[in-house]
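Worksheet: one structure, shown below.
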Amino acid sequence: MNASICLHNTLTRRKEPFQPERPERVTMYVCGPTVYSYAHIGNARPAVVFDVLARLLRRRYPKVVYARNFTDVDDKINAAAEAVGAPIGQIADRFINAYHEDMCALGVLAPDLEPRVTEHIPGIIEMIQTLITRGHAYVEQGHALFHVPSYPGYGRLSGRRPEDMIAGARVEVAPYKRDPLDFVLWKPSISEQPGWDSPWGRGRPGWHIECSAMIGQHLGHTIDIHGGGQDLIFPHHENEIAQGTCAHNADYCKTWIHNSFVTVDGQKMSKSLGNVLLVRDLLAQAPGEAIRLALLSTHYRRPLDWTVQRLAAARTVVQRFYTALERSTGLAPVKFTEPDATVLAVLQDDLNVPGALVRLHELLVNLEQADTDVARAQARDHLLASAGLLGLLQQVPRAALAALHQTTPGRAFPVLGTARIEALVAEREQARQQRDFARADALRDQLASAGVVVHDRPQGSTWTLTTEVPA
RNA sequence: GGCUGGGUGGCAGAGUGGUUAUGCAGCGGUCUGCAACACCGUUUACGCCGGUUCAAUUCCGACCCCAGCCUCCA
């Protein structure tokens, strides 16, 4: 058996060996998007990071239940729905579909479960009732609120002391709160707002309770891994712990994992700065795989600054890998190729993806240096099996290179049919054989102006569509 | 003000108490009619000041700077 997977646990602030409660059923929950708009690059980072973790866990454990929710009722969704005069379900459906498309383009595999809040209202109400019964929550002016002082462990995840938080609070305390830190479990809806009947009147759930309720319903009272962006540590995850622990009288989650933020050109993404980068828009500049690689090229717990240079660099690397793979297509696959031991080992060390990429480059060199068909097939399959752990290099090379060409920014090439290109390449080869180099060079220029790059190899000339971004 | 992370060579980015990853770019070379692709070689590092140590980029302390959270946010 290989060494265990080590993960940095936000709760303990250290890297520790991952030991699931029940290895026969490993549970992981990641906070998904609120579906009121298209996914931006900051939404994509956790999706990609936890996709890699899920792949790693699945390789190790027979059954992994990975859930990622959709928050489909929320004031922002309500506002978006009101703006276009559509029901919230329509807005949510639209952006859930868009989210699926975007994540698919980034090579993110579907989680096992994608629970939606609006489909879990009875469970949410039930959980709130349990909290009230146990003395951890109360009802005031149509609101149900969690009483923070009733849970002594509050603040442990974020490393904050309640007294500091009160001192630093910048918001006015709502009159219905018994304690400034108390947070809403259920809030009343006026008639135009979406709402559901409850013992406390018509209303809708607060943000924090939904995750706890869906976790309790689908994964259990104690889960193995809970993930999300680091901005969720406080208050969202802190509140989840309080609710879940108090409702079920059990540890809520053993390992908390948080990815760091994405900045754009050194600044936080925000609507006011106008620098929110949507995955949709980036997909016009580069294939999803290059975006995925760019997101994975920094360790998940470090801040990642998104720049055009970063994406360009990722394009170059993707191109290099697929160029080598393209040259080995047609070789029979080798049976039962395992991922590389080094790749596996560094990934198991708190998901050191950049370290794994280094090893992938070494495997690439092995492929490029292999001098027999058997060696090349082995090197290729070794590389592919290893890259598969990261969700990379799994496309048909020719198609991947074509995707790079199609997304080349700032270039519009006249379209030459494949037959025409082949004819020109053949004509040039003939000219070269006749040592008519002026003619050969003219043909090469003609092809280049159409975005076709010719490669003269010992076996003869081949061609690819350019993927170079102009400087 | 409180709480988290982080500051590594032109850029990106791992890691380590002593043997200076890796990628991109640059430079030199091999291949090529010339290129391109590919391969080989190669220059420049560890924010600042103290401390511990035979030895610190790596451990400890202070400081400076950056990002995030404390209010919806991945």
Side-chain angles (χ1 to χ4, degrees), chain A residues 8 10 13 30-34 36-37 39-50 68 71 74-76 79 155 157-161 163-172 181 207 227-236 238 258-263 266-271 276 293-294 297-305 307 309-310 312-317 319-320 323-324 326-327 346 349 352-362 364-365 367-369 431-433 435-438 440-441 444-445 447-448 453-458 461-464 466 468 471:
Chain A
H8 180 91
T10 307
R13 303 197 196 282
V30 173
C31 289
T34 300
Y36 66 98
S37 181
H40 56 63
I41 193 68
N43 293 312
R45 169 120 98 147
V48 169
V49 163
F50 290 103
R68 186 186 61 205
T71 298
D74 165 277
D75 288 348
K76 281 182 195 159
L157 180 71
S158 55
R160 293 154 203 255
R161 296 179 309 158
E163 46 272 40
D164 293 339
M165 291 187 265
I166 294 164
R170 283 190 247 150
V171 245
E172 232 177 280
L181 293 179
W207 177 39
Q230 64 167 189
D231 55 317
L232 296 179
I233 294 172
F234 189 89
H236 186 51
E238 197 72 74
H258 294 95
N259 64 275
S260 188
F261 243 59
V262 178
T263 54
Q267 289 186 301
K268 182 181 175 173
M269 267 192 295
S270 73
K271 280 184 182 160
V276 175
L293 181 66
S297 61
T298 301
H299 185 89
Y300 76 91
R301 269 190 299 111
R302 297 201 157 200
L304 184 154
D305 189 34
T307 59
Q309 292 85 346
R310 177 186 288 278
R315 285 177 58 99
T316 303
V317 172
Q319 185 207 344
R320 189 175 161 204
T323 300
E326 212 263 329
R327 286 176 180 166
V346 295
D349 183 12
N352 184 354
V353 178
L357 291 172
V358 166
R359 181 59 183 154
L360 250 36
H361 273 102
E362 290 172 7
L364 171 65
V365 171
L367 171 60
E368 285 166 335
Q369 291 182 331
R432 290 181 67 220
Q433 272 162 24
R435 304 195 68 78
D436 181 358
F437 297 122
D441 289 349
R444 184 165 65 196
D445 289 346
L447 286 160
V453 188
V454 186
H455 310 283
D456 297 335
R457 314 217 82 220
S461 296
T462 62
W463 59 274
T464 53
T466 186
E468 295 283 323

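Letters go in sequence order (proteins before strands), and every chain restarts at 1. Quantities reported herein were computed from a predicted structural model and do not represent experimental measurements.
Of the P atoms belonging to B:rU57 and B:rG9, the separation is 15 Å, rounded to the nearest Å. With P as the reference atom, B:rG6 and B:rG61 are 14 Å apart, rounded to whole Å. The separation of B:rC24 from B:rC64, taken at their P atoms, amounts to 40 Å, rounded to a whole angstrom. Taking the P atoms as reference points, B:rC60 lies 15 Å from B:rG18, given to the whole Å. Of the P atoms belonging to B:rC3 and B:rG10, the separation is 35 Å, rounded to the nearest Å. Straight-line distance between the P atoms of B:rU4 and B:rA62: roughly 13 Å, to the nearest whole Å. Nucleotides B:rA14 and B:rU58 have their C1' atoms positioned 13 Å apart, rounded to a whole Å. Straight-line distance between the P atoms of B:rU42 and B:rU8: roughly 25 Å, to the nearest whole Å.
Residues A:F234 and A:Y300 both approach RNA chain B. Their nearest nucleotides, taken by heavy-atom distance, put A:Y300 toward the 5′ side. When each of A:R327 and A:C31 is assigned the nucleotide of RNA chain B with its nearest heavy atom, A:R327 is the one assigned upstream, toward the 5' end.
Nucleic acid contact class of A:V346 (heavy atoms, under 4.0 Å, all strands): none. Note on A:G42: a base of the nucleic acid sits closer than 4.0 angstrom, heavy atoms only. Here A:D74 lies out of heavy-atom contact (under 4.0 Å) with every strand. The residue A:V30 sits apart from the nucleic acid: no heavy atom pair falls under 4.0 Å. Heavy atoms of A:H299 sit under 4.0 angstrom from primed sugar atoms or phosphate atoms, though from no base atom.
Side-chain atoms of A:N352 and base atoms of B:rG15 include no donor and acceptor less than 3.5 Å apart. In the interface, the side chain of A:R444 is paired with the base of B:rA35 through a donor and an acceptor atom under 3.5 Å apart.
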Are any protein N/O atoms closer than 3.5 Å to N/O atoms in nucleotides 24-32 of chain B? If there are, list each pair with its distance.
residue, atom, partner, partner atom, Å
B:rC24, OP1, A:R320, NH1, 2.8

Report all interatomic pairs (protein N or O, nucleotide N or O of nucleotides 3-5 of chain B) with separations under 3.5 Å.
residue, atom, partner, partner atom, Å
B:rC3, O3', A:G159, O, 3.3
B:rC3, O2', A:S158, O, 2.7

Atom pairs, protein N/O to nucleotides 9-12 of chain B N/O, distance under 3.5 Å:
residue, atom, partner, partner atom, Å
B:rA12, O3', A:R310, NH2, 3.1

Each nucleotide N or O in nucleotides 40-43 of chain B that has a protein N or O under 3.5 Å away: list the pair and distance.
residue, atom, partner, partner atom, Å
B:rC40, OP1, A:Q369, NE2, 2.8

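Atoms CG (A:L357) and C1' (B:rA21) sit 13 Å apart, rounded to a whole Å.
Applying the salt bridge (charged side-chain N to carboxylate O under 4.0 Å, His left out) rule to A:R432 yields the partners A:D456; only residues at least two apart in sequence or on another chain are considered. Applying the ring pair (Phe, Tyr, Trp, His ring centres under 6.0 Å) criterion to A:H258, with sequence neighbours excluded, gives A:H237. Considering only residues two or more places apart in sequence or on other chains, A:H236 meets the ring pair (Phe, Tyr, Trp, His ring centres under 6.0 Å) condition with A:W207, A:H208. For A:R45, there are no side chain to side chain donor-acceptor pair (under 3.5 Å) partners, not counting sequence neighbours. In terms of the side chain to side chain donor-acceptor pair (under 3.5 Å) criterion, A:Q230 has no residue partners (sequence neighbours excluded). Under the salt bridge (charged side-chain N to carboxylate O under 4.0 Å, His left out) criterion, A:D75 pairs with A:K187, A:R204, sequence neighbours left out. Checked against ring pair (Phe, Tyr, Trp, His ring centres under 6.0 Å), A:H361 has the following partners two or more places apart in sequence or in another chain: A:F321.
For A:D231, taking side-chain heavy atoms from C-beta onward, the closest of the listed nucleotides B:rC73, B:rA67, B:rC37 is B:rC73. Between B:rA74, B:rC34, B:rC73, one nucleotide has an atom nearer to the side chain of A:F261 than all others, and that is B:rA74.
Within the 3.5 Å criterion, the main-chain N or O of A:G266 finds a donor-acceptor partner in the side chain of A:D305.
At the phosphate of B:rC73, OP1 or OP2 sits under 4.0 Å from a side-chain N or O atom of A:W207. Listed pair A:K268 / B:rC73 fails the phosphate criterion, with no side-chain N or O lying under 4.0 Å from OP1 or OP2.
Counting heavy atoms from C-beta outward, A:H40 and A:N43 have side chains that approach closer than 4.5 Å.
With A:F234 as the aromatic partner, A:R160 meets the cation-pi criteria of under 6.0 angstrom to the ring centre and within 45 degrees of the ring axis.
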Worksheet, complete the sentence: Parsed dot-bracket for RNA chain B after applying the Watson-Crick and G-U rules with both distances under 3.5 Å and | for other-strand partners is (((((((..(((.....[...))).(((((.......)))))....(.(((..]....))).))))))))....

